[in-house]
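Okay, structure first, notes after.
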Protein chains: 2
Amino acid sequence: MREEPPFATFRHLPPDKQERVLTAALAEFADQGYHQASLNRMVARAGIAKGSLYQYFPNKEGIFAYIFQYALKVVRRTLTTVKEETLEENFFVRLEKSLLAGVRFLREHPRIFSLYLKIQFDRNVPFREAFLAAVRGHATEYFASLVRRAQGRGELRPGVPEAAVLFLLDAMFDRFLQAVAVPALDVTLGLHQATDAAIHQHIRELISLLKEGLMA
Amino acid sequence: MREEPPFATFRHLPPDKQERVLTAALAEFADQGYHQASLNRMVARAGIAKGSLYQYFPNKEGIFAYIFQYALKVVRRTLTTVKEETLEENFFVRLEKSLLAGVRFLREHPRIFSLYLKIQFDRNVPFREAFLAAVRGHATEYFASLVRRAQGRGELRPGVPEAAVLFLLDAMFDRFLQAVAVPALDVTLGLHQATDAAIHQHIRELISLLKEGLMA
DNA sequence: TTCACGCATGACCACTCGGTCATATCAGAT
DNA sequence: ATCTGATATGACCGAGTGGTCATGCGTGAA
């Protein structure tokens, strides 16, 4: 007798087969977005028959939901790790290390990042709201914890509006990672082809700009 | 005898029909993105026969190219107008007015903005590189002209790295408009439902943050 | 009136999609 | 050796896609 919970059959598969399918699905969704993703291509990539896919998952949405859960798990793990690792550092150093960690994440999990980007502006993607809310929520909460700790330590100019700070950090981080990942958005800095040292230097410049402001 | 240049037949149509088709096409592409856009829906929206569409345009790409040119024209017009209108103001005031103008643009041309967003992360969209390069190029050049003028007037802290400033401005502006347009990205500020006054207030806070920095 | 030509039309085509299902395969229990 | 239930398979289905084309309409020239 088998349990019925979601994806039971899939989870009973040999691990290497599970991984082949998961990788193929993630790749297809990340490359093509939800709607353009083709299940025919997916099964071809995974080296299984189409019918098999429908024994593991109820339908296209179901496959997506699985990928989605997997991606969220990876994101959460990464964020909590970075948060703990830098807990005792100065606020601006933490920002710097966080952004570096973001770049590292992007390189280790390019498919997940690509999926996240694709979903952002594509209405009608199943679970879009939930997925974005989760990712953005985690990111904001991460920044919020940094900011509050910084305020407690007096590392921030008193009286700065917290919401505005969070917004600015979020905007800068997201855009920075986007520029690294998407050449077409990388107009101002040359991030896409840059060496790690150059990227690090840009990060330092940006953080310092945030820190000291633009005013004469 | 008719000239052969692109879209000749289409341009000879009665203006109201041209507009119906253009509106329907823009709406369909903006709502659905390039690939999900359906020509069947498009002709239904426009109230013409499918065959007619293929007398105006060579194919789906051709329709998209037309929309694309139209959108770029509107963007360019808006940017040059704002640039001229604020030429004599202080740098930070110019930033504030520019961001307000961005919000105004977004409200007047939501379809164009939506199209721009959809294209950003969807590879395989025809002319994507060209379109993004054009829009981002115009925006960056706009900011660059503001920054250079500000430097000339001594309104900027000396020694700030120009590329980093441009990046930061670009990131903040883009994200701000995205937050106004896309509820799911509007986690930190409550922009989507905000009144104009509240939006203006947020803009002032953000600019002031940029100006004075975060440091204690 | 006739002709020619630009334009309008929608049935139709080949193709791909997500999804189904009858059938085959295989492992373990009896 | 036989049975059973889980899994594997790919031909097949209806629907929707971008694109085509034979046909018809309308208007100005001859």
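The sequence lines fix the lettering, A, B, ..., with proteins before strands; numbering per chain opens at 1. For clarity, every value in this text was computed on a predicted model and none was experimentally measured.
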Please collect all salt bridge (Lys or Arg N to Asp or Glu O under 4.0 Å) contacts where either partner lies in [range], sequence neighbours excluded, each pair once.
range	answer
residues 185-202 of chain B	B:R107-B:D196
residues 110-119 of chain B	B:D31-B:R111
residues 95-104 of chain A	A:E89-A:K97

Could you tell me the separation between the CZ atom of A:F57 and the P atom of C:dT20, rounded to a whole number of Å?
-> 15 Å

Over how many whole Å does the gap from B:I48 atom CD1 to C:dC7 atom P extend?
-> 13 Å

With B for base contact, S for sugar-phosphate-only contact and - for none (protein heavy atoms under 4.0 Å), nucleotides 15-29 of chain D reads --SBBBB--------

For [N], does either OP1 or OP2 sit under 4.0 Å from a side-chain N or O belonging to [X]?
X	N	answer
B:Y56	C:dA8	yes
B:K17	C:dA8	yes
A:T9	D:dA6	no

If you look only at pairs with a residue in residues 174-203 of chain A, which of them pass as a ring-ring contact (aromatic ring centres under 6.0 Å, His included), with sequence neighbours excluded?
-> A:F176-B:F167

Under the rule for ring-ring contact (aromatic ring centres under 6.0 Å, His included), what residues qualify as partners of [X], not counting sequence neighbours?
X	answer
A:F91	none
B:F57	B:F7, B:F10, B:Y66
B:F68	B:F127, B:F131

Output every pair passing side chain to side chain donor-acceptor pair (under 3.5 Å) with a member in residues 125-144 of chain A, not counting sequence neighbours, ordered by first then second residue.
-> A:S98-A:Y142, A:Y116-A:R136, A:R136-A:D170

A:A198: what forms a side chain to side chain contact (heavy atoms under 4.5 Å, CB included) with it, not counting sequence neighbours?
-> A:A194, A:T195

Bend across the helix from C:dT1-D:dA30 to C:dT30-D:dA1, to 10°, with axes taken over 5 pairs at each end?
-> 30°

Residues within residues 18-26 of chain A bordering DNA chain D, heavy-atom distance below 4.0 Å | none

Cationic tip of B:K60 within the cone over B:F29's six-membered ring, i.e. under 6.0 Å and within 45° of the normal?
-> no

